[in-house]
Amino acid sequence: MVLFTLILATLLLLLLLFLIVRPKPVSIPIKNRHVFISGGSSGIGLALAQKAVSEGARVSLLARSLHKLKEAQKSIREVYGVDVAIFSADVRDHSAVERAVAESGPIDVLVVNQGIFVPGALENQASEVIKSVINVNLTGSFNVITAALPSMKNRKDGAPASIALMSSQAGQVGIYGYSAYSATKFGLRGLAEALQQELISDNIHVSVIYPPDTQTPGFEQERKIRPELAGIIMGSGGGALSAEEVAKKSLDGIKSGSFSIWFNLEGYMLGFSGAGFSPQTSFPVAFLEIVFAGLSRLAALFFLWSWYRIIQKKHAN
Amino acid sequence: MLIFIILAPIFLLLLYFIVQPQPVSIPIKGRHVFITGGSSGIGLALAHKAISEGARVSLLARSLSKLEEAKKSLHLAYGVDVGIFAADVRDYDAVKRAIVEAGPIDVLVVNQGIFVPQELEKQDMDEVKLMIDVNLVGSFNVIKAALPLMKGRKDSRPASIALMSSQAGQVGIYGYSAYSASKFGLRGLAEALQQELISDDIHISVIYPPDTETPGLEEERKIRPKMTEMIAGSGSVLKAEEVAKKTLDGIKSGSFSISFRMEGKMLAIATAGASPQRSFLIAFFEVVLAGISRIVTLLFLSNVYRSIRKSHAI
């Protein structure tokens with residue numbers, strides 16, 4: 001009797017979700033389309049470029065250093081025999097970004113991926129550094145999106161387009177030593193939720209990507225100066241992923257028009273407990289979000305309990 | 001059924017032991033409350049409330065004339081003088097000077113904010129930058145300027161840093177991309193900062209008011225895109241006094257997230273995520289109602305996207 005009720009309730013819930021989830025699922029092709037990646041000369045951005053090229057996309061890279069861009073271009077040419085377009089600009093410079101975007105031509109998949117992270121407790125972080133992190137990661141993302149939007153909205157091909165924003169697990173939960181970085185990554189989500197409502201009528205689909213620690217040159221640098229407590233707290237999650245893994249999962253998520261792209265168990269737990277008002281286009285995933293919501297919140301509370309114990313223990317010493 | 005009745009107290013007990021940080025009580029009377037964006041709106045209402053509870057209050061804002069008006073009105077109402085400091089929160093050095101002059105702070109209310117609603121494709125990047133710089137960078141400036149003295153305070157009682165977010169900081173809404181971005185950002189800042197400051201007995205609160213009757217709201221509603229009004233205009237509009245009272249109550253009880261009325265509580269449960277919850281009772285409701293909450297938000301989103309589709313078809 002109980003089992004029957006449970007099965008019936010499950011089926012009814014699945015049916016309800018199938019009927020109500022909006023925006024509806026969508027499939028976004030990559031092959032022969034223009035993928036524009038900011039922060040594309042290294043790390044996750046470069047791995048994304050390689051993946052996109054291997055799937056037949058036409059790729060453009062934007063980054064600050066012309067030298068790094070040329071190296072990236074060369075490495076892709078060597079492996080895939082394909083030329084990616086490169087554009088050197090600082091995302092903080094709106095006009096420069098506009099020029100690059102105009103030169104690269106109408107964009108189908110915009111990957112807003114540039115980001116800097118400088119760990120350190122707020123009291124130890126220079127206000128100039130905080131400003132840079134916000135200007136590059138958040139304001140810079142607005143610059144890239146507003147530069148690309150007009151041509152994206154006016155695109156000739158009637159296929160769905162995508163704007164993907166590179167957030168982080170630090171954009172799902174604030175972490176000791178990452179106040180500025182977490183602030184910018186949380187900010188991207190607010191931007192994304194609002195933007196999706198504004199762009200759905202243009203068949204442009206927003207994705208927010210939440211990778212954990214990923215093996216990139218940036219990560220190497222960051223680990224050296226990471227505060228000890230941050231290391232202990234973050235170390236309690238999964239190990240660092242390779243940039244290729246992150247790139248593959250990101251692209252898969254973009255192609256299926258997923259609003260939130262999570263990684264590993266921690267990411268899903270944080271995703272479910274923090275589902276909030278982020279859209280969910282897949283009704284089975286919506287089902288899981290609902291069923292595991294309570295458990296995920298409980299798990300988050302446990303994580304917080306263990307983190308605060310660690311912090312208080314360290315302070316006692 | 002019986003199983004649930006037995007499990008509930010056990011579950012509550014479990015939560016009682018795991019909620020971190022632990023609950024705290026933060027006195028206001030006789031202590032120094034420093035409010036940015038304090039010359040009008042919610043900030044001014046907060047100043048009123050804090051003074052009426054015996055606090056020593058300082059106000060920071062850009063306009064000296066508005067500050068002087070505020071000072072006069074507070075003096076008239078309570079016979080008390082507030083410290084006033086004119087500075088732009090985007091100017092770290094000016095903020096630092098003001099804070100040093102104001103003296104050690106017990107309760108820092110980071111409340112300044114600008115909101116200019118507009119579809120992103122139509123919005124001037126200058127406005128986007130303004131909102132991010134004032135609402136987010138400015139908040140970092142204020143906190144960073146106040147931290148050294150707050151950490152080094154002689155008074156051993158718990159201190160507080162309260163950040164004024166918004167319901168737009170819990171859910172991104174059509175027309176608020178920059179504003180929501182800046183308000184979501186405050187939460188990331190707060191979650192990280194609480195971990196950094198718990199050992200200094202400094203407690204962070206993030207405040208999520210709905211639309212509140214302030215001069216700012218009046219201006220904003222005039223230029224709000226139609227779609228924004230359709231989606232966001234249906235909620236309650238609170239009086240600044242109510243927001244100030246609940247805010248101060250939340251600060252005094254060290255609540256990490258402060259929400260308003262039933263809809264606010266539902267929003268809080270839906271967006272609990274990994275924010276700390278210091279009340280085991282509220283934690284219980286967050287866990288138990290999480291699933292239903294998500295169903296409700298999915299229904300809400302379904303409605304939102306249907307409205308958008310309908311309005312676009314016209």
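Keep in mind the model is a prediction, meaning the values are calculated, not measured.
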Original post:
Are Arg22(A) and Leu301(B) side-chain neighbours, meaning at least one heavy-atom pair lies under 4.5 Å?
Top reply: no
**OP:** Determine the sole option in Val287(B), Leu289(B), Val288(B) for which the side chain to side chain contact (heavy atoms under 4.5 Å, CB included) test with Arg297(A) is passed.
**Re:** Val287(B)
Original post:
Counting only heavy atoms not in Lys131(A), do more than 12 fall under 6.0 Å of its NZ?
Top reply: no
Subject >> Contacting region of Leu19(A) [heavy-atom separation from chain B under 4.5 Å] >> reply: neither
Original post:
Roughly how far, to the nearest 0.5 Å, is CD1 of Ile295(B) from CD of Glu289(A)?
Top reply: 11.5 Å
Original post:
At a heavy-atom separation under 4.5 Å, does Leu229(A) approach chain B through its side chain, its backbone, both, or neither?
Top reply: neither
Subject >> Note, Phe11(B) side chain near Leu298(A) side chain (heavy atom, < 4.5 Å) >> reply: yes
Original post:
Is there a side-chain contact between Leu15(B) and Leu301(A) (heavy atoms, below 4.5 Å)?
Top reply: yes
**OP:** With rounding to the nearest 0.5 Å, note down the distance linking CZ in Arg294(B) to CZ in Phe292(A).
**Re:** 15.0 Å
Subject >> Top of Pro227(A), Ser278(A), Pro150(A), Ala316(A) for chain B proximity - count of heavy-atom pairs under 4.5 angstrom >> reply: Ser278(A)
Subject >> Segment of Leu270(A) engaging chain B (4.5 angstrom heavy-atom cut-off) >> reply: side chain
Subject >> Residue part contacting chain A, namely of Leu120(B), when any heavy atom lies under 4.5 Å >> reply: both
Original post:
Hey, are the side chains of Phe186(A) and Leu186(B) touching, using non-hydrogen atoms and a 4.5 Å cut-off?
Top reply: no
**OP:** Heavy-atom distances under 4.5 Å only: say whether Phe300(B) touches chain A with side chain, backbone, both or neither.
**Re:** side chain
Original post:
Quick one: what part of Gln125(A) sits under 4.5 Å from any heavy atom of chain B, side chain, backbone, both or neither?
Top reply: backbone
Subject >> Interface moiety of Leu197(B) toward chain A, non-hydrogen atoms closer than 4.5 Å >> reply: neither
Subject >> For the student: nearest non-hydrogen atoms of Ile231(B) and Gln197(A), plus distance >> reply: CD1-OE1, 3.6 Å
Subject >> Under 4.5 Å from a heavy atom of chain B, the part of Ile20(A) involved >> reply: both
Original post:
What's the shortest heavy-atom distance between Gly276(A) and Thr271(B), and which atoms?
Top reply: CA-CG2, 3.9 Å
Original post:
Heavy-atom distance under 4.5 Å to chain B: side chain of Ala194(A), backbone, both or neither?
Top reply: both
Original post:
Between Tyr305(B) and Pro279(A), which heavy-atom pair has the shortest distance, and what is it?
Top reply: OH-CG, 3.9 Å
Original post:
Given a strict heavy-atom distance threshold of 4.5 Å, which part of Phe285(B) is in contact with chain A: side chain, backbone, both, or neither?
Top reply: neither
**OP:** With side chain to side chain contact (heavy atoms under 4.5 Å, CB included) as the test, would you mind laying out the steps for Leu136(B) and Leu138(A) before giving the verdict?
**Re:** CA-CA 10 Å; Leu136(B) 193 55; Leu138(A) 193 54; 3.7 Å; yes
Original post:
Of all of Asn135(A), Ile200(A), Ile175(A), Thr184(A), which one pairs up most often with chain B through heavy atoms under 4.5 Å apart?
Top reply: Ile175(A)
Original post:
So which part of Tyr92(B) gets closer than 4.5 Å to some heavy atom of chain A, the side chain, the backbone, both or neither?
Top reply: side chain
**OP:** Heavy-atom distances under 4.5 Å only: say whether Asp133(B) touches chain A with side chain, backbone, both or neither.
**Re:** side chain
Subject >> Toward chain B, the part of Leu149(A) with a non-hydrogen atom under 4.5 Å >> reply: side chain
**OP:** Give a yes or no on whether the backbone of Leu122(A) and the side-chain of Glu196(B) come within a donor-acceptor separation of less than 3.5 Å.
**Re:** yes
Original post:
To the nearest 0.5 Å, what is the distance between CG (Leu191(A)) and OG (Ser182(B))?
Top reply: 11.0 Å
Subject >> Proximity breakdown for Val291(A) and chain B, heavy-atom pairs closer than 4.5 Å >> reply: neither
Subject >> Contact check, side chains of Gln123(B) and Phe142(A), non-hydrogen atoms, under 4.5 Å >> reply: no
Original post:
Which pair of non-hydrogen atoms, one from Tyr308(A) and one from Pro21(B), has the smallest distance, and what is that distance?
Top reply: CE2-CG, 3.6 Å
Original post:
Non-hydrogen atoms of chain A under 4.5 Å away: do they reach the side chain of Ala178(B), the backbone, both or neither?
Top reply: both
Original post:
Do you know the tightest heavy-atom contact between Ser180(B) and Gly190(A)?
Top reply: CB-O, 3.9 Å
**OP:** Nearest 0.5 Å please: distance from the CZ atom of Phe277(A) over to the CG atom of Leu298(B).
**Re:** 9.5 Å
Subject >> Segment of Asn143(A) engaging chain B (4.5 angstrom heavy-atom cut-off) >> reply: both
**OP:** State whether Lys153(A) and Glu121(B) are salt-bridged, where the test is any N-O pair (Lys NZ or Arg NE/NH1/NH2 against Asp/Glu carboxylate O) under 4.0 Å.
**Re:** yes
Original post:
Quick one: of Gly185(B), Ala168(B), Ala290(B), who has the most non-hydrogen atom pairs under 4.5 Å with chain A?
Top reply: Gly185(B)
Subject >> chain B contact via Ile145(A) - side chain, backbone, both or neither, heavy atoms under 4.5 Å >> reply: side chain
Subject >> Closest-packed option against chain A by number of heavy-atom pairs under 4.5 Å, given Gln22(B), Lys183(B), Met131(B), Gln194(B) >> reply: Gln194(B)
**OP:** Could you look at Lys151(B) and say if it's the side chain, the backbone, both or neither that has a heavy atom under 4.5 Å from chain A?
**Re:** side chain
Subject >> Contact check, side chains of Gln312(A) and Gln20(B), non-hydrogen atoms, under 4.5 Å >> reply: yes
Original post:
Got a second to check how far Asp200(B)'s CG is from Glu123(A)'s CD, nearest 0.5 Å?
Top reply: 7.0 Å
Original post:
Which atoms of Thr139(A) come close to chain B, meaning under 4.5 Å heavy atom to heavy atom: side chain ones, backbone ones, both, or neither?
Top reply: both
Subject >> Gap between atom OH of Tyr176(A) and atom CD1 of Ile198(B) - 0.5 Å precision >> reply: 12.0 Å
Subject >> Nearest non-hydrogen partners of Gly291(B) and Ala293(A), listed with the distance >> reply: N-CB, 3.6 Å
Original post:
Which region of Gln170(B), side chain (C-beta onward) or backbone (N, CA, C, O), has a non-hydrogen atom less than 4.5 Å from a non-hydrogen atom of chain A, or is it both or neither?
Top reply: backbone
Original post:
Are the side chains of Ser302(B) and Val21(A) in touch, meaning some heavy atoms are under 4.5 Å apart?
Top reply: no
Original post:
At a heavy-atom separation under 4.5 Å, does Val128(B) approach chain A through its side chain, its backbone, both, or neither?
Top reply: side chain
Original post:
chain B heavy atoms under 4.5 Å from Ala126(A): which part of the residue, side chain, backbone, both or neither?
Top reply: backbone
Original post:
Most heavy-atom pairs under 4.5 angstrom with chain B, which of Leu304(A), Val133(A), Leu195(A), Leu13(A)?
Top reply: Leu304(A)
